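Below is one structure, written out as structure tokens; comments come after it.
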2 protein chains.
Amino acid sequence: MRTAFRIATALLWLGVAHAEGPGPRATGDLGIIVEREHGSLQLIETSGNSILAKISGLGDLSHASAVFSRDERFAYVFGRDGGLTKVDMLERKIVGRVVQSGNSIGGAISQDGSLVAVSNYTPGGVKVFDARTLELVADIPAEFAKGKLSKVVGLVDAPGNRFVFSLWDAGEIWVADLSTPAKPVVDKYLDIGRNPYDGIITPDGRYYIAGLFGDDGLALLDLWQPQNGVKRILPGYGKGEEKLPVYKMPHLEGWAMVGGHAYLPAVGRHEVLVVDMSSWQVVKRIPARGQPVFVVGQPSGRHVWVNFAFPDNQYIQVIDTLDQRIVKTLEPGKGVLHLEFEPRGGEVWVSVRDLDQIHVYDTASYERQSLIESRKPSGIFLTPRAHRIGL
Amino acid sequence: MRTAFRIATALLWLGVAHAEGPGPRATGDLGIIVEREHGSLQLIETSGNSILAKISGLGDLSHASAVFSRDERFAYVFGRDGGLTKVDMLERKIVGRVVQSGNSIGGAISQDGSLVAVSNYTPGGVKVFDARTLELVADIPAEFAKGKLSKVVGLVDAPGNRFVFSLWDAGEIWVADLSTPAKPVVDKYLDIGRNPYDGIITPDGRYYIAGLFGDDGLALLDLWQPQNGVKRILPGYGKGEEKLPVYKMPHLEGWAMVGGHAYLPAVGRHEVLVVDMSSWQVVKRIPARGQPVFVVGQPSGRHVWVNFAFPDNQYIQVIDTLDQRIVKTLEPGKGVLHLEFEPRGGEVWVSVRDLDQIHVYDTASYERQSLIESRKPSGIFLTPRAHRIGL
């Protein structure tokens, strides 16, 4: 058997060397880039900054996002058309796909990696799938009044195989415990504010925060003390600030949390807000080049990177969190849609849609290290997200 | 070629099915357990909690530690005998080994993954190796006076391909910038206190903290503002507290940082200290079952787990950080040496040396999920460390 194995191995290396690459492949430095208009992904690696493969047939990928299996082998891609596609990054192909609703917006993977949840607009609710087989294991319609289903947004994972999400039409936050997958236990928080449009969870899994499109401020739920209910924080935020036309409601995922402060996009204003996370008060407003979309913390501390809505989406600005001011402005080109840091922060990947390019920058020198061709790239997702809460 | 490839693949799967397992393997859920007295490792996976392979021939592994390559394929194991061993976790074998000094204590991998550094007692200094080939690329003797070399301890990686470490004999902290590997640039901080014995860096790469065996308190260097020099913090800590016999100087790696507080082992006392990280003052002392060794934060927030020095090393205690009190005592058995959480915190792996066992506990129910045979296990290291600063 050992000899047979060795021959097979030798043959395989030969075959692989021509067909795919140099043999076995680890997965800690992999990632995917969403080519939104082509329904395709580029499989990338961040050690040499290269494209390993293209994978097509994922449907409508506008506003698509992805999560990863706990072993970093599989990507689960959530499309706008309700498609949930499972991609095997080692075999470099689609291994499962369900069109699970008419219209969806994001998903999450459970703490133990066994369940993938998707939040849907039509019909409104959350569906939960077996991460291995993509079989439906739980269906949670967002019925907030008799026969009325709400659009669901801001779906995240929380410790204990729970999922937390917000109901746009109902103004509610729901916490679903999937410890027994077939029998979800749902805690509902009512009257949290009008039209929550997105949500995040802090990296320690403690706070869930929903943005409110129809009300001032943000809704905060302390998952360590849920008995205290949902509180309104940052009373001036959002609607109250909307003095300029809002081209794009900023993502909440793009909040940087550094040294007890959260850095977040002001709505409709050319500012990044600095918020003290113990009091949830705004302590500083940093003037910026445009309306911020993502405000992302560099994992190696100190700096926060910001991109902007149209008409300023050709810029990136970098904030030094020590003195809370902008220290660098980059101009990658029109259509900077997303930023993703390598996990230890040495380089950052930037999608530049209108140039059909991905740029990779050194975060210390700000020099461009790599330029990769891509067709209308949007989201960039690296496998270390598998190991983080809420990503 | 495609046909040849398919035949090779089919043969390999056959071979693999018998010899190794079911084909390609991702690396995000792998880890190693150090069998200290046998010079061997167990290769583990945390999805099904099983042993995949045993790898022998690593020399003296007492007090051994490990870091991982950025793709999570390779483990670099630092042995007490000066051995640096590179293990391919996909091929399940040793692929490189150098005995690089007479006596060493720990190592680190650079931010970009290209360099592995080892701190040595004999001869005192740091050697830096190419992570791919294990060729020596830089040698930094810890010469603090003419012809006098210091033992080096507390070596960590810092953002910007830097390494930070402490000189036991000299009472100094050095910061080595390896941006140009062949020409390290070393900044030295003198008179930081007598006999630093260990060091850590905070997860954001900002603060380096050295424990002092021969002085009160701890030495703190703010790497964002190095011009401010090294400050002494926690003046009562360490020597000043030593009222009971100290069986084991507690590791500094085992500091939990949760919600602006650091939880750390008191030296020689049956207490866990809670320190406010903005003022670096002790704000609470939590009585515990013995002298703490590791105080480790559960990634999913709220709880901190503690193990103890002899004669209380059969216990683990769990602290709730919300009200800062002990909420659970477990008794896995004599010789609980190390704790390692899975990256999203659902389970924790515990080495129980005297039982020759590894226990895996569910962190919510405290129930034991798995029991794995191991020979005198000590350190447990999971691959998600590859993506963290200072681990």
Side-chain angles (χ1 to χ4, degrees), chain A residues 1-2 4-9 11-12 14-16 18-19 24-30 45-47 68-74 89-91 111-113 157 159-161 204-206 223-225 258-260 278 299-302 322 342-347 364 383-384 386-389, chain B residues 1-2 4-9 11-12 14-16 18-20 24-30 45-47 68-74 89-91 111-113 157 159-161 204-206 224-225 258-260 278 299-302 322 342-347 364 383-384 386-389:
Chain A
M1 182 48 70
R2 283 189 74 84
F5 176 68
R6 282 191 187 134
I7 292 169
T9 309
L11 277 170
L12 181 66
L14 259 170
V16 162
H18 289 84
R25 186 72 179 73
T27 50
D29 60 345
L30 297 182
E45 58 79 30
T46 65
S47 296
F68 295 99
S69 63
R70 54 178 290 136
D71 65 354
E72 300 182 330
R73 175 168 180 170
F74 301 101
M89 293 184 290
L90 285 177
E91 302 277 13
Q111 183 182 40
D112 70 357
D157 61 277
N161 278 2
D204 59 2
R206 177 167 185 178
L223 294 166
W224 292 8
Q225 302 179 96
V258 179
S278 56
S300 46
R302 193 151 178 179
L322 196 59
E342 294 182 10
R344 290 167 70 191
E347 294 186 331
T383 54
H387 305 316
R388 305 287 166 90
I389 293 165
Chain B
M1 183 47 73
R2 283 189 74 84
F5 175 68
R6 281 189 189 136
I7 292 169
T9 309
L11 277 169
L12 181 65
L14 258 171
V16 162
H18 289 83
E20 304 251 10
R25 185 73 179 75
T27 49
D29 60 346
L30 297 182
E45 57 80 30
T46 66
S47 296
F68 295 99
S69 63
R70 55 179 289 136
D71 64 355
E72 300 181 331
R73 176 169 179 169
F74 300 102
M89 292 184 290
L90 285 176
E91 301 277 14
Q111 183 182 39
D112 70 359
D157 62 278
N161 278 1
D204 59 2
R206 177 167 186 177
W224 292 9
Q225 303 177 94
V258 179
S278 56
S300 45
R302 193 152 177 177
L322 196 59
E342 294 182 10
R344 290 168 69 193
E347 295 187 330
T383 53
H387 306 315
R388 306 288 167 89
I389 294 165

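Just so it is clear, the model here is predicted, and its values are computed rather than measured. Throughout, a chain's letter reflects where its sequence line sits, starting with A, and its residues are numbered from 1. Atom set for the values below is all heavy atoms of this structure, side chains included, hydrogens, waters and symmetry mates excluded.
Counting heavy atoms from C-beta on, the side chains of A/Ile389 and B/Ser300 come closer than 4.5 Å.
Proximity to chain A (any heavy atom under 4.5 Å) is restricted, for B/Arg206, to the side chain, taken from C-beta onward. For B/Ala364, no part sits under 4.5 Å from any heavy atom of chain A, backbone or side chain. Contacts between B/Pro299 and chain A at a heavy-atom distance below 4.5 Å involve the backbone alone (N, CA, C, O). Heavy atoms of A/Glu342 lying under 4.5 Å from chain B belong exclusively to its side chain. Contact annotation for B/Thr46: both backbone and side-chain heavy atoms come within less than 4.5 Å of a heavy atom of chain A.
Minimum interatomic distance between A/Gln111 and B/Gly345 (heavy atoms only, all atoms of both residues): NE2-C, 3.7 Å.
Among the candidates A/Asp29, A/Thr27, A/Asp71, the single residue satisfying the side chain to side chain contact (heavy atoms under 4.5 Å, CB included) test with B/Thr27 is A/Thr27.
For the atom pair A/Glu45 CD and B/Arg70 CZ, the distance stands at 8.0 Å (nearest 0.5 Å).
Using a 4.0 Å cut-off between charged side-chain N and carboxylate O, A/Arg344 and B/Asp157 make a salt bridge.
In this structure a side-chain-to-backbone donor-acceptor pair under 3.5 Å is present from B/Arg73 to A/Pro24.
With respect to chain A, the highest number of heavy-atom pairs below 4.5 Å among B/Gly205, B/Ala386, B/Ser278 belongs to B/Ala386.
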